[in-house]
Amino acid sequence: MVGVASGEERSYPLECLSDTHGFHQLLVGLAGRVDVEVEGRGAAVVPGSVCVIPAGATHHYLGIEAANRCRVLDMAVGDDALDALFERIRFLKLPVAEVRGGNDQGLLARVADAPLLAGPRFNLARLTRIVEADLAAPWSLATLAEAAHLSERQLRRSLSGITGLTPWQWLTRQRLAQAERLLIASDASITDVALQCGFHDAAHFSRLFREWRGMSPREYRRCHRG
C-alpha cells in the first residue's frame, strides 16, 4: 500500500463501475463531474468536492463529463490518526483554489474541519447501478423516479440537464450499452441478449442497435471478436 505522497490525478470513465479496497481513499474533485455512491450515500464530485471513503466501503462511480479530473489519495489502514479521519463516509466542500494547489498533506489536514457538501439530490451513479442490476425489468417513468428519490418532473429535468436525454432515451442507452458488452463477452444468442437487456424481441433490439452503432448486433459481435 502506498502513502499519501503517491496521490495522483485520475479521470473516471463514462460508465458506472464499482470498487471495494482495503485502504482509505480521498477523492477530490478538480474538474468536471463524477457521481459517486458510497454504501448507499451519494454526491456529485465537482471542483472543490471531497469524498471520504473508508477502507472496505463499497463505492460506485460514474464520470458525467469526459474531461472530469480528480485528485485521489490512497492511505493504508493502521495509523490511528488516519483511521479516525476515515471512520465514516463523508462528502465535504473546500475552496476550488485550495484543492487545485497540489498539496496532498494540506488537503488531508483540511478534511477534519471541512464543511459538509450541499450538492444536488440526484445521483446518476446510484440510479445507473440500480437500473443495471435489473435491465429486464419493466421500467417506467414512475419506477425510475422512485429509484432516484425524485418526482417524475424532477427526474426529467435532472436527466436532461446532465445527459441531454429523456428518461426513456437514457434507459434505452443503458440497455444498449449492456447489450454491447454481452455481445463481446458472452456467447448468448442475439435473442437472449435482447431479452436480458429488456428489449421486447430481437428485431426491436437489432433496429435500435443499428441506429446506435451503425451495424447489426451480429455484425458488431463479429467485428469485435474476430
Side-chain angles (χ1 to χ4, degrees), residues 2 4 6-21 23-75 85-86 88-104 106-108 110-111 114-133 144 147-150 154-155 157-165 167 169-171 173-174 177-178 181:
V2 292
V4 175
S6 68
E8 63 179 17
E9 289 192 17
R10 299 179 191 169
S11 293
Y12 287 88
L14 305 182
E15 61 177 312
C16 192
L17 301 175
S18 302
D19 201 2
T20 307
H21 39 64
F23 50 87
H24 303 307
Q25 188 172 81
L26 198 70
L27 186 65
V28 184
L30 300 178
R33 171 173 169 169
V34 179
D35 275 16
V36 179
E37 181 194 10
V38 188
E39 300 287 0
R41 298 178 57 188
V45 176
V46 296
S49 301
V50 180
C51 180
V52 178
I53 305 174
T58 298
H59 48 288
H60 315 273
Y61 46 89
L62 170 67
I64 302 298
E65 303 166 29
N68 72 77
R69 286 189 300 115
C70 294
R71 186 76 182 167
V72 183
L73 282 65
D74 295 339
M75 286 150 285
L85 195 63
F86 284 85
R88 68 185 188 280
I89 300 161
R90 284 174 292 161
F91 296 97
L92 310 171
K93 179 68 175 177
L94 290 174
V96 175
E98 190 172 316
V99 302
R100 288 177 175 165
N103 183 338
D104 292 340
L107 282 174
L108 199 58
R110 290 282 284 111
V111 168
L116 294 176
L117 175 67
R121 291 177 56 199
F122 180 54
N123 187 275
L124 190 52
R126 182 179 187 277
L127 181 61
T128 302
R129 174 184 61 79
I130 292 171
V131 168
E132 285 185 347
L144 286 172
H149 300 307
L150 297 174
Q154 288 171 327
L155 178 62
R157 185 170 62 246
S158 297
L159 267 179
S160 177
I162 294 173
T163 68
L165 303 173
Q169 289 170 331
W170 175 83
L171 176 62
R173 186 69 55 86
Q174 306 316 302
Q178 176 62 7
R181 291 189 284 268

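Note that these values count all heavy atoms, side chains included, but never hydrogens, waters or copies made by symmetry.
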Problem - Side chain proximity check, His60 to Arg126, heavy atoms < 4.5 angstrom - result: no
Problem - Heavy-atom side-chain contact between Leu159 and Leu144 under 4.5 Å - result: no
Practice task
Could you tell me whether Arg10 and Asp19 make a salt bridge, using a distance below 4.0 angstrom between a side-chain N and a carboxylate O?
Solution key: no
Practice task
State the OG1-CG distance between Thr128 and Asp35, to the nearest 0.5 angstrom.
Solution key: 8.0 Å
Fill in the blank from the handout: For Val99 and Leu30, the nearest pair of non-hydrogen atoms, with its separation, is O-CD2, 3.4 Å
Completion exercise
Rounded to the nearest 0.5 Å, the CD atom of Glu132 sits from the CD atom of Glu15 at a distance of 8.0 Å
Practice task
Classify the side-chain pair Gln178/Arg181 by whether it contains a donor and acceptor separated by less than 3.5 Å.
Solution key: yes
Handout entry: His149 vs Asn123 side-chain heavy atoms within contact, under 4.5 Å
Key = no
Problem - Any side-chain heavy-atom pair of Val52 and Ile89 under 4.5 Å - result: no
Fill in the blank from the handout: Shortest non-hydrogen pair, Glu98 vs Arg110, comes out as OE2-NE, 2.7 Å
Problem - Phe91 side chain reached by Val38 side chain, heavy atoms, under 4.5 Å - result: yes
Problem - Considering all heavy atoms, the nearest Arg33-Ala44 contact - result: NE-CB, 3.5 Å
Problem - Between OG1 on residue Thr58 and NE2 on residue His21, distance to nearest 0.5 Å - result: 9.5 Å
Handout entry: Shortest non-hydrogen contact between Ala114 and Lys93, atoms and distance
Key = CB-O, 4.0 Å
Practice task
Report yes if the side chains of Leu107 and Val50 come closer than 4.5 Å at any heavy-atom pair, otherwise no.
Solution key: no
Fill in the blank from the handout: Between Gly32 and Pro47, the two heavy atoms sitting closest are O-CD, 3.3 Å
Practice task
Provide the closest heavy-atom pair for Cys70 versus Val34 in the form atom of the first, atom of the second, distance.
Solution key: SG-CG2, 4.0 Å
Exercise for the section: Evaluate side chain to side chain contact (heavy atoms under 4.5 Å, CB included) for Leu117 paired with Leu92, printing each intermediate quantity in order. Expected result: CA-CA 4 Å; Leu117 175 67; Leu92 310 171; 5.6 Å; no
Exercise for the section: Quick one: pull up CD1 in Ile53 and CD in Glu39 and give me the separation to the nearest 0.5 Å. Expected result: 10.5 Å
Exercise for the section: Please answer whether the main-chain N or O of Cys16 pairs with a side-chain N or O of Arg129 as donor and acceptor at a distance below 3.5 Å. Expected result: no
Handout entry: Check: Pro54 main-chain N/O paired with His24 side-chain donor or acceptor under 3.5 Å
Key = no
Exercise for the section: Would you mind reporting whether His59 and Thr20 have side-chain heavy atoms less than 4.5 Å apart? Expected result: no
Exercise for the section: Decide yes or no on side chain to side chain contact (heavy atoms under 4.5 Å, CB included) for Tyr12 and Leu62, but give the supporting numbers first. Expected result: CA-CA 7 Å; Tyr12 287 88; Leu62 170 67; over 6 Å; no
Practice task
List the steps and the verdict of side chain to side chain contact (heavy atoms under 4.5 Å, CB included) for Leu85 and Arg90.
Solution key: CA-CA 10 Å; Leu85 195 63; Arg90 284 174 292 161; 4.1 Å; yes
Exercise for the section: Compare all side-chain heavy atoms of Leu124 with those of Trp170 and state whether any distance is below 4.5 angstrom. Expected result: yes
